[in-house]
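Working notes, structure below.
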Number of protein chains: 4
Amino acid sequence: MIVVMQAGSTQEQIEHVTERIRSLGLSVHLSAGQFRTIIGAIGEKHPEHQSILEAIAGVEQVVPIMKPYKLASREFHAADSEVTIGNVTVGGGTVALIAGPCAVESRESLWAAAKAARAAGANILRGGAFKPRTSPYSFQGLGAEGLKMLREVGDELGMPIVTELVDVRDMPLVARYADMIQIGSRNAQNFILLSEVGKADKPVFLKRGYASTVREFLMSAEYVLSQGNPSVVLCERGIKTFEDELRYTFDVSAVPVIKHHTHLPVFVDPSHASGRREYVTALALAGVAAGADGVMVEVHACPEEALCDGPQALPPEMFAELVRQMDAVAAAIGRQRLGAGEAT
Amino acid sequence: MIVVMQAGSTQEQIEHVTERIRSLGLSVHLSAGQFRTIIGAIGEKHPEHQSILEAIAGVEQVVPIMKPYKLASREFHAADSEVTIGNVTVGGGTVALIAGPCAVESRESLWAAAKAARAAGANILRGGAFKPRTSPYSFQGLGAEGLKMLREVGDELGMPIVTELVDVRDMPLVARYADMIQIGSRNAQNFILLSEVGKADKPVFLKRGYASTVREFLMSAEYVLSQGNPSVVLCERGIKTFEDELRYTFDVSAVPVIKHHTHLPVFVDPSHASGRREYVTALALAGVAAGADGVMVEVHACPEEALCDGPQALPPEMFAELVRQMDAVAAAIGRQRLGAGEAT
Amino acid sequence: MIVVMQAGSTQEQIEHVTERIRSLGLSVHLSAGQFRTIIGAIGEKHPEHQSILEAIAGVEQVVPIMKPYKLASREFHAADSEVTIGNVTVGGGTVALIAGPCAVESRESLWAAAKAARAAGANILRGGAFKPRTSPYSFQGLGAEGLKMLREVGDELGMPIVTELVDVRDMPLVARYADMIQIGSRNAQNFILLSEVGKADKPVFLKRGYASTVREFLMSAEYVLSQGNPSVVLCERGIKTFEDELRYTFDVSAVPVIKHHTHLPVFVDPSHASGRREYVTALALAGVAAGADGVMVEVHACPEEALCDGPQALPPEMFAELVRQMDAVAAAIGRQRLGAGEAT
Amino acid sequence: MIVVMQAGSTQEQIEHVTERIRSLGLSVHLSAGQFRTIIGAIGEKHPEHQSILEAIAGVEQVVPIMKPYKLASREFHAADSEVTIGNVTVGGGTVALIAGPCAVESRESLWAAAKAARAAGANILRGGAFKPRTSPYSFQGLGAEGLKMLREVGDELGMPIVTELVDVRDMPLVARYADMIQIGSRNAQNFILLSEVGKADKPVFLKRGYASTVREFLMSAEYVLSQGNPSVVLCERGIKTFEDELRYTFDVSAVPVIKHHTHLPVFVDPSHASGRREYVTALALAGVAAGADGVMVEVHACPEEALCDGPQALPPEMFAELVRQMDAVAAAIGRQRLGAGEAT
């Protein structure tokens with residue numbers, strides 16, 4: 001941590017800062033430049049230290065050197081992590097495919113979407129039973145009934161399932177049915193929910209907050225990891241910017257940047273990033289080309305009938321074509337789709 | 001709702017859209033322009049309608065005409081709403097003042113901050129017992145013990161108290177102690193929490209999500225209102241932008257824009273918006289000049305000792321000076337600080 | 001154009017708006033909904049019409065239906081455009097490669113970079129002779145001397161050259177030497193410069209403004225096209241957002257979105273988007289996978305010696321590896337690098 | 001400048017960096033922390049130094065300590081600067097008022113707007129003769145004829161005039177007529193134009209780029225100052241964010257932040273920030289309350305007839321009311337409107 005004193009800070013102020021640094025159990029390294037004094041604070045840091053020092057008179061800024069996350073960092077765990085979801089393991093150099101409807105709407109429509117997804121090569125089935133909706137008047141999901149349908153359809157097709165948890169009180173219920181628990185973008189800084197799934201023995205699929213920096217995203221992962229759950233899969237799904245053609249701006253750079261900083265698998269969700277099915281394939285391929293460990297795509301047998309996010313759902317034939325192209329792009333960078341070549 | 005068909009959409013596509021609109025219980029108003037067909041959908045809308053129509057082939061865009069919120073809108077309730085918190089009523093043309101420390105850290109420090117805040121003219125005491133912190137390793141608040149301290153200090157000074165709820169399971173506890181329940185910026189789209197405080201019989205202090213548009217902010221308020229709780233106070237507290245001198249960009253325009261669209265009282269929080277005490281006064285005055293119904297400010301008897309957000313806390317003498325200037329600015333636009341002139 | 005009247009607008013206001021619409025030479029299509037009156041304005045629009053109508057009392061908003069650009073739109077020109085730069089034609093389904101140093105610094109360093117770029121497969125040589133620098137104290141480029149070096153090296157290697165124009169007064173000089181004229185991101189809304197290159201008989205390489213929406217970007221292209229120059233190549237190079245790990249956020253979605261709206265070739269510039277060489281390859285591949293017609297990459301024989309943007313320049317061996325991977329990704333989506341397979 | 005080495009950087013890399021720092025004429029201050037080595041580079045910096053060091057292998061980041069601007073900084077010039085425009089001096093603790101139409105459209109409409117502005121208390125007349133318009137098909141201004149009208153009307157009313165320069169070739173023409181030369185938001189990083197007005201002997205009214213950070217804004221001012229022109233007035237006019245209710249987000253914090261860093265006068269332009277007249281007064285008052293040295297407002301005798309930006313123009317009576325409220329808010333913070341109390 002480096003404390004930059006204001007130009008014109010007094011000797012007394014400098015001494016006060018150095019004393020405060022020592023009182024925090026850190027050692028001091030003083031460097032008087034031409035215009036400013038710079039004070040290095042060396043040792044084991046606590047997250048409060050920065051704001052404590054910034055609050056002192058005469059301090060211009062405090063520059064942290066260490067990253068604020070530990071367990072999520074490559075410095076803590078150099079090799080890529082693998083995460084096992086039911087009978088599927090992601091993160092080992094393959095490209096995995098999660099697909100299914102936005103929301104579970106009925107047994108029939110779920111089955112139709114899941115069957116098509118499975119036939120085309122999807123490894124994991126997705127579907128929302130509890131939906132966080134911007135409007136209180138929108139369809140909020142089928143709840144427990146939806147979870148059961150998802151479990152049954154997953155079992156029939158031999159696919160592990162992932163579904164979103166939105167209420168900490170539903171944790172036991174969701175943990176009973178799901179193979180992986182999703183935390184959605186709007187809950188990316190719901191630290192209560194993050195801590196709770198950190199205590200679960202199910203892997204966590206963590207969507208990036210649409211306004212989280214990569215650093216904040218990794219701090220959210222750290223919340224989960226810090227509670228003892230080592231199985232976290234990250235997912236870039238678009239951020240908010242001034243650009244308004246699509247719902248979000250798909251931050252494809254986040255894939256290599258996150259993989260540089262962390263050992264956790266990184267997926268992309270081109271469906272939520274774009275909100276429009278005609279762009280889903282291009283963004284999925286971009287994500288794979290940039291090094292993503294997997295792709296989550298919304299599939300619906302009849303998007304026009306969807307109660308939720310129909311405009312972004314791929315009908316089965318578009319999804320199958322996406323998988324064909326994805327296979328080729330993965331191969332181009334020396335990877336393979338998870339399970340490609342298996343009989344389905 | 002207006003459906004804009006793509007240039008070159010077929011007669012069959014247009015007919016399919018008009019049938020679908022009718023099947024939703026809406027009536028159709030067709031308008032064939034030179035290049036495109038525009039289809040008006042008239043009648044009672046449901047939030048799903050837009051995405052259902054957008055999902056249909058041949059549709060370029062769907063432009064909603066009605067606002068997605070109802071109870072929060074001026075069309076539903078034309079006059080300004082007042083909200084009563086303990087013995088204090090805000091929103092009636094006065095400018096109210098909420099002050100106190102970021103977090104409750106100890107009985108002594110809370111008392112010192114609260115006493116100074118009260119002496120300078122604060123109407124309501126704030127203080128966090130449960131703190132949503134970006135790092136899992138940061139101080140997370142004193143919990144129930146903090147709530148009790150807050151209640152006692154508020155009672156001794158005759159100030160109603162506001163404190164943040166972060167976990168839906170703490171609802172009964174927080175409702176027992178607090179006069180107003182705060183929902184923080186990171187939970188602005190935690191719809192579970194919003195619904196829960198919507199069922200409480202305590203007023204709600206709703207911070208804008210740092211990435212919520214005004215429209216999304218009002219949808220969050222709608223969640224609370226739709227559960228039956230009419231007492232919502234809104235608070236602008238800065239949004240995320242590319243500008244990085246301060247922690248957030250204080251969106252002062254949101255004050256008149258929100259007041260244009262809604263009847264609910266609107267406060268500003270210059271402490272979180274700036275993150276730096278030297279800018280708090282200027283932003284507070286800007287908020288009042290723009291028409292805010294109140295200001296929330298962090299005060300600490302000794303900011304350098306604060307366990308949380310010390311750099312943005314005002315020491316008592318700066319806070320007293322802020323109140324003096326605020327009084328003058330409020331008077332300049334024909335308003336008065338709530339309780340100004342009373343003996344304290 | 002659709003005029004949405006405020007709820008509660010008077011009959012007089014509605015009549016005033018309809019008269020004003022007719023006075024603009026448009027015909028009127030009235031639709032009285034349950035809560036609001038909607039007025040369609042049909043006919044040939046002028047860009048001023050929207051703000052004229054918005055300025056009238058009782059008008060809530062004016063929703064334009066037609067896109068504001070014409071010559072740039074697919075509706076004007078359905079098929080993909082090709083653009084010829086010297087002996088090279090881009091936009092015909094191939095993936096082209098522009099490479100070279102950020103700035104021309106010396107004959108020797110330019111030659112080294114260009115030779116390496118050519119050997120690896122670059123089609124067009126880039127290099128800045130006039131550099132728009134954020135600081136007035138930074139190296140501003142070699143000017144006319146740099147242009148000459150670029151021309152000579154391009155000729156020796158058989159590569160057309162592209163270089164940036166920053167001053168309208170340098171137009172004759174730059175047009176004499178360059179095969180394609182670049183307009184940089186900071187000048188994306190310098191309408192004087194855009195109009196001037198619109199009158200040139202050289203193709204224009206138009207970078208997206210780092211804060212331009214896709215719509216504004218296409219309006220910048222429209223400026224060039226409207227002056228009679230049909231040869232415009234667009235280039236996505238990153239936009240400003242709250243995310244701060246890299247210099248800009250690479251908006252890969254812009255590639256398919258722009259190609260949906262326009263017929264012009266679309267390139268990507270991963271060097272400026274990221275600012276860091278370790279991410280250039282991943283972003284280049286993402287751009288190609290998303291459908292880009294070409295890639296512009298900065299190459300320097302010794303990045304550490306570069307006077308400008310050294311951290312983002314690829315050394316020759318990294319560039320050659322990028323080309324190899326790019327070839328594979330292009331093939332995966334059924335494309336081929338321009339000139340791949342030729343003897344170089 | 002502080003160079004942070006990567007964790008695991010080698011001794012050889014560290015030595016290479018220290019040698020490079022010395023070769024740049026700087027002295028080295030080494031500090032080996034527990035996990036990383038930090039290298040201070042002390043002495044006179046050149047703007048290239050940062051990127052040169054960042055380009056070296058083993059370097060994680062380079063943290064600049066000194067601000068990149070000099071002449072614009074308070075460290076160079078501690079006291080507030082005053083700037084004289086014709087017979088008016090701004091920046092001396094008063095609040096000045098610039099008003100007039102967006103564009104000069106005709107002698108009559110200019111006169112009507114100017115007379116109303118003058119009567120209400122405006123100090124300086126604004127009006128665009130050359131308009132930078134997003135669409136090439138929009139009204140582009142009256143050019144030289146407009147300049148003459150502006151000069152005549154200004155002279156008749158005894159008001160200095162400010163008008164925008166968009167083309168460097170018009171510099172002599174604009175300098176002949178205008179008392180102050182405006183650089184618009186879209187040209188905020190048009191370094192050619194900035195350098196040119198830096199050589200003029202007229203004051204410069206510099207609008208913030210709608211995507212410029214405060215730091216970049218001050219670098220734009222530095223361009224002007226570095227050419228010898230000390231008379232620069234800065235103007236906040238809204239930035240681009242995800243919030244879309246208004247055209248831009250008015251960054252009122254920029255006022256105190258800029259005044260903290262620089263000695264130059266800071267104005268606000270609530271007309272362009274909001275784009276809607278009903279919000280102009282609230283934002284103007286917010287700007288004054290936050291410490292602005294002046295306000296620029298668009299006034300039109302009949303906004304509905306305006307060829308440009310009619311929705312944001314204030315009719316005379318709204319402007320007069322704004323001035324009355326502004327006087328009161330200025331008084332509340334111990335300031336006075338420039339010329340208030342004079343007979344007009």
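Lettering follows sequence order; numbering is per chain, from 1. Heavy-atom basis, side chains included; hydrogens, waters and symmetry copies ignored.
Taking CD1 from B:Ile192 and CG from A:Leu165, the interatomic distance works out to 9.0 Å, rounded to the nearest 0.5 Å. Taking CG of B:Asp167 as the start and CG of A:Leu193 as the end, the distance is 9.5 Å to the nearest 0.5 Å.
Other residues, nucleotides and ligands contribute only 12 or fewer heavy atoms inside 6.0 Å of the CD atom of B:Glu12.
Heavy-atom distances place both the backbone and the side chain of A:Thr213 under 4.5 Å from chain B. B:Arg133 touches chain A through backbone and side chain together, each having a heavy atom under 4.5 Å away. For B:Gln61, no part lies under 4.5 angstrom from a heavy atom of chain A. When heavy atoms are compared at a cutoff of 4.5 Å, A:His300 does not approach chain B at all. With a 4.5 angstrom heavy-atom cutoff, A:Gln140 touches chain B only via side-chain atoms. Looking at B:Ser185, there are no atoms closer than 4.5 Å to chain A (heavy atoms on both sides), in backbone or side chain.
Of all the listed residues (B:Tyr223, B:Phe242, B:Phe191), the one sharing the greatest number of non-hydrogen pairs under 4.5 Å with chain A is B:Tyr223. Comparing A:Gln227, A:His16, A:His46 by heavy-atom pairs within less than 4.5 Å of chain B, the highest count is held by A:His16. Interface check for chain A: of the options B:Pro132, B:Gly184, B:Pro303, the most heavy-atom pairs under 4.5 Å are formed by B:Pro132.
By a heavy-atom distance cut of under 4.5 Å, B:Glu48, B:Ser51, B:Ile52, B:Glu54, B:Ala55, B:Ile56 are the residues of residues 48-57 of chain B near chain A, going up by number.
Between B:Gln189 and A:Asn187, every side-chain heavy-atom pair lies at or beyond the 4.5 Å cut-off. With contacts defined as side-chain heavy-atom distances shorter than 4.5 Å, the pair A:Met219/B:Ser135 qualifies.
Summarising the geometry of B:Glu304 relative to A:Arg20, their closest heavy-atom pair is O-NH2, 3.5 Å, with the distance given to 0.1 Å.
Classification of A:Glu216 and B:Lys240 as a salt-bridged pair holds, one side-chain N sitting under 4.0 Å from a carboxylate O.
Partners of A:Tyr210 by ring pair (Phe, Tyr, Trp, His ring centres under 6.0 Å), not counting sequence neighbours, listed by chain and number: A:Tyr248. Qualifying ring pair (Phe, Tyr, Trp, His ring centres under 6.0 Å) partners for B:Tyr137, counting only residues two or more places apart in sequence or in other chains: none. Shown here are the ring pair (Phe, Tyr, Trp, His ring centres under 6.0 Å) partners of A:Phe250, two or more places apart in sequence or in another chain: there are none.
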(message) Test side-chain contact (heavy atoms from CB on, under 4.5 Å) on A:Arg169 and B:Val168; report intermediate values, then the result.
(response) CA-CA 8 Å; A:Arg169 295 167 300 191; B:Val168 76; 3.5 Å; yes
